[in-house]
Amino acid sequence: MKRKIPSFIKIYESLIKIPTISSENKLIDQSNKILIDLLANYLSEFNFSINIQNIPNTNKFNMISSFGVGPGGLLLSGHTDTVDYDEKTWTKDPFKLIEKNNKIYGLGTVDMKGFFAFLLDVISSMNMKKIKKPLYIVATANEETDMSGAKYFSQNTNITPDCIIIGEPTSLKLVKAHKGHISYTIDIIGDTGHSSSPNGINSIEIAYEIIKQLIDLKKYLQEKYLHKDFSIAYPTMNFGSIHGGNAVNKICSLCSITLEIRPIPKLGLKKLEILLKEKLKKIKKKWPNRIFLNNLFFPVPSYELSKKHELLIKKIENFCNIESTTVNYCTEAPFLKEIAPTLILGPGSIEQAHRPNEYLNCEFIAPTKHIIKKLITKFCY
Ligand SMILES: [Zn+2]
């Protein structure tokens, strides 16, 4: 039976065309409903059952589609949103798919709306009658901000696939672990006053005490927490900015520091928070109501596929002929792992994500289709 499904490039084009920007800035943040509906329509053509979830109190949606019923099978997941783009640095239309020099340009081509074009194309070429265990295709919302889509999905489903693959751009390597991310602003309130007044409390001097403690913590984390599978084997800490004061003859009344920490899988966010607060406890006591610590972005835990699933990694490495690795960026894996063992594997390089003129290198097209086909065959046939 011939279906009316468009070609790979036509599907790709239709996904990139729909803006689905997620942003902390409410003026920029967009709903992903149109894209979710489009994916649901495509998948309905292939007789997938569709379930659309609205993330409570938002205009954001997840789509959970399934072919076949019962336990086990495979879940292929991607996020539908993209980051914002910078008009000044993009020289191409971010919402127009452009094929040039063996590259496919557009916002979301690698991160990661393009993954759905691959899935739809592969499904259209497969004999779906052979499917014995369910195949799920899941599209989530808000990955680029608070990961509320993946979180909501993992808490509101009862499916039990054997494996979940997230199609983030890993250059077709099998990612089994990644670091987490937590970021803070530290606001320090001093006194206002003329520089000649010796009694005013200067926020820069308190900042100095805080930074000393944080560098201590940085060294402690480096020595205490090691994970040999990572190219940078310890948790990293980076001071991103420091702002304070506006005149040399004034006491600096407000100083703000931003910093991020990227913990390895053995260091949980709670533990990290305890260590950080412990380090600042003394200074906070010394300077009551002057030091305010707040999360800057939504924290994401680190992730590692449990050692008990070592066989699953070997199995996928073997039949896809790829190798496993670890990365330093975050994904929805720490949430989706609540449903089933989760790995990350997708086309394109993370180097092109969140960059002007984002593109997918066409060299990934054939091997990606091959790998997706293998995965579906091995887990669902
Ligand atoms: Zn992504």
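In listed order, ligands and their atoms are each counted from 1. A quick note: this is a predicted structure, and the numbers were derived from the prediction, not measured.
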Review point. What N, O or S atom of Glu168 is found closest to the Zn ion (ligand 1)?
Key: OE1

Review point. Can you find a side-chain donor-acceptor pair between Glu304 and His178 that sits under 3.5 Å?
Key: no

**Study point:** Cation-pi, Tyr12 ring and Lys17 (6.0 angstrom, 45 degrees)
**Key:** no

Practice item. Please work out whether the ring planes of Tyr85 and Trp90 are parallel, tilted or perpendicular, with thresholds of 30° and 60°. Key: perpendicular

Exercise for review: Identify, by name, the N, O or S atom of His79 lying closest to the Zn ion (ligand 1).
Suggested key: NE2

Check your understanding: For the Zn ion (ligand 1), which N, O or S atom of Asp111 is at the shortest distance?
Key -> OD1

Review point. Below 6.0 angstrom between ring centroids: does that apply to Tyr105 and Tyr359?
Key: yes

